[in-house]
Protein chains: 2
Amino acid sequence: MFEHNSRHNNNDETVLPIPSNNETSYFDESWTEDDLKQIIRKMNLKVTPQRILILQTLHEGRVHITAQELYEKVQKINSDVGFATVYRFLKGMAESRVVTELRMGSMPTRYELTPKKHHDHMTCTACGKIVEFQNKNIEDHQEKVAKQYGFKLTHHVLELYGICTSCQMKK
Amino acid sequence: MFEHNSRHNNNDETVLPIPSNNETSYFDESWTEDDLKQIIRKMNLKVTPQRILILQTLHEGRVHITAQELYEKVQKINSDVGFATVYRFLKGMAESRVVTELRMGSMPTRYELTPKKHHDHMTCTACGKIVEFQNKNIEDHQEKVAKQYGFKLTHHVLELYGICTSCQMKK
DNA sequence: TTCTAATTGAAAATGATTCTCATTACTAGT
DNA sequence: ACTAGTAATGAGAATCATTTTCAATTAGAA
């Protein structure tokens with residue numbers, strides 16, 4: 001299995017949902033400093049230079065980043081940011097659903113800015129490649145199940161695991 | 001969120017899928033020592049008294065147990081079993097899909113003997129209650145998605161999070 | 001500007017998981 | 001049943017992500 005295989009590669013190559021495009025990030029729009037401040041205020045948090053920098057770096061960087069990776073990136077820009085701050089802020093943003101936590105297997109938690117279009121993940125357990133996909137049918141059925149048991153859904157985690165095309169051919 | 005709420009209860013009350021019944025465990029059949037040995041051999045592991053005891057205890061006990069809890073239970077019966085053994089064996093069984101790992105939020109991993117009828121979990125983020133459900137439609141759509149991207153699926157994780165009926169009324 | 005509570009960074013604490021290694025115990029082959 | 005070869009074991013140490021602590025600093029309301 002993925003989580004027990006120390007030989008898998010470490011990149012988290014991401015295949016964008018069909019239709020794919022050439023964007024580096026989902027967020028083609030750029031965020032001004034005011035945008036960033038707005039987002040922080042909406043979380044009922046005070047605006048600090050650290051938080052602005054962290055959020056900005058998260059937005060500009062690639063998706064699926066770990067707290068450690070984000071910390072290192074931010075460090076290079078301004079060493080007046082501690083790991084605890086990055087970590088705490090990520091947690092806070094996760095609570096406010098500004099970012100989404102991805103826990104795949106037993107690897108360190110990765111974060112992504114919550115995309116406007118919800119998607120789920122399919123991971124190749126051989127090479128670690130992550131494919132993102134959307135499927136309204138699945139969502140609909142989830143709601144049905146929730147209703148059946150009287151639950152009011154807040155969110156969900158759907159992760160498919162398997163072997164991707166190229167790994168199937170290799171082996 | 002669940003994982004940040006230190007006030008949620010710690011029991012993992014489980015609601016069986018409709019139609020429910022009065023069984024303590026999914027496994028009404030009892031396992032003889034030979035059954036246990038067979039299962040261990042099928043995993044290409046040697047039969048040892050520790051593994052027999054661990055598997056037996058897992059089978060008799062409630063579902064959704066942590067490595068620590070299982071270790072404590074097994075300890076009471078035979079103190080010649082170390083935590084490492086329990087832990088390693090659980091990992092091994094997870095790899096062979098004899099048990100399934102449940103990672104809900106950031107709480108310690110829980111294990112359950114992989115039920116013959118696959119099911120997923122819906123968790124109340126207020127009280128921690130776990131409902132198990134089956135839904136063939138969702139599974140079918142998952143396969144469709146996988147085929148679309150050329151993946152051969154091995155397994156998946158689907159966890160719904162929300163507020164259960166009684167917690168909705170409380171608040 | 002002043003005050004207060006929120007935020008911060010560094011380091012230590014925690015907690016789960018994983019590894020190490022000397023010892024013991026399976027089991028296949030006799 | 002005996003034995004060699006290998007797998008498994010337990011205790012504890014190591015690792016790693018995550019979380020907390022706390023004294024110093026800072027944001028932002030009044």
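Naming: A, B, ... by sequence-line order, numbering from 1 per chain. Note that these values count all heavy atoms, side chains included, but never hydrogens, waters or copies made by symmetry.
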If Ile, Leu, Val, Met, Phe, Trp and Tyr residues are connected whenever their side-chain heavy atoms lie under 4.5 Å apart, and connections chain through other members, are Leu160(A) and Ile163(A) in the same group?
no
Could you tell me which residues satisfy side chain to side chain donor-acceptor pair (under 3.5 Å) with Gln38(B), sequence neighbours excluded, listed by chain and number?
none
Name all residues meeting the side-chain contact (heavy atoms from CB on, under 4.5 Å) criterion together with Thr32(B); count only those two or more places apart in sequence or in a different chain, and write none if there are none.
Asp34(B), Asp35(B)
Which residues pass the side chain to side chain donor-acceptor pair (under 3.5 Å) test with Glu159(A), not counting sequence neighbours?
Tyr161(A)
Could you tell me how far apart Glu95(A) (CD) and dT18(D) (C1') are, to the nearest whole angstrom?
15 Å
Between residues 39-47 of chain B and DNA chain D, which residues have a heavy-atom gap below 4.0 Å?
Leu45(B), Lys46(B)
I want to verify a distance call: between dA11(D), dT17(C), dT7(C), whose nearest atom is closest to the Thr109(B) side chain?
dT17(C)
How many whole angstroms separate atom NZ of Lys37(A) from atom C1' of dG28(D)?
12 Å
Measure the distance from OH on Tyr111(A) to C1' on dA17(D) and round it to the nearest whole Å.
10 Å
Contact list please: residues 50-57 of chain A against DNA chain C, heavy atoms, distance less than 4.0 Å, in numerical order.
Gln50(A), Arg51(A)
May I ask you to evaluate whether Thr48(B) reaches the phosphate of dT9(D), defined as a side-chain N or O under 4.0 Å from OP1 or OP2?
yes
Taking the six-membered ring for Trp, are Trp31(A) and His59(A) parallel (under 30°), tilted (30 to 60°) or perpendicular (over 60°)?
parallel
Validation row, ring centre His118(A) to ring centre His155(A) under 6.0 Å:
no
From C-beta outward on Ala84(B), which listed nucleotide comes closest to its side chain: dG12(D), dT8(C), dA8(D)?
dG12(D)
Heavy-atom nearest nucleotide on DNA chain D for Arg88(A) versus Pro49(B): which residue maps closer to 5'?
Pro49(B)
side-chain contact (heavy atoms from CB on, under 4.5 Å) partners for Ile77(A), two or more places apart
Leu53(A), Thr57(A)
Whole-Å distance between dT17(C) P and Met107(A) CE?
15 Å
Whole angstrom is fine here: how far is it from CZ in Phe89(B) over to C1' in dA8(D)?
11 Å
Tell me, please, which residues at least two apart from Tyr111(B) pass ring pair (Phe, Tyr, Trp, His ring centres under 6.0 Å).
none
Round to a whole Å and report the spacing from CZ of Arg103(B) to P of dT17(C).
8 Å
From dA16(C), dC26(C), dT8(C), pick the nucleotide closest to the side chain of Pro108(B)?
dA16(C)
So which of residues 70-83 of chain A are in contact with DNA chain C, with a heavy-atom cut-off of under 4.0 Å?
Asp80(A), Val81(A), Gly82(A)
Suppose we screen for side chain to side chain donor-acceptor pair (under 3.5 Å). Which residues come up paired with Lys117(B), at least two apart in sequence or across chains?
none
Here the salt bridge (Lys or Arg N to Asp or Glu O under 4.0 Å) pairs for residues 38-49 of chain B, sequence neighbours left out, are none
What residues, two or more places apart in sequence or in another chain, satisfy side chain to side chain donor-acceptor pair (under 3.5 Å) together with Asp80(A)?
none
According to salt bridge (charged side-chain N to carboxylate O under 4.0 Å, His left out), who are the partners of Glu143(A), at least two apart in sequence or on a separate chain?
none
Measure the distance from CD on Glu69(B) to P on dT17(C) and round it to the nearest whole Å.
11 Å
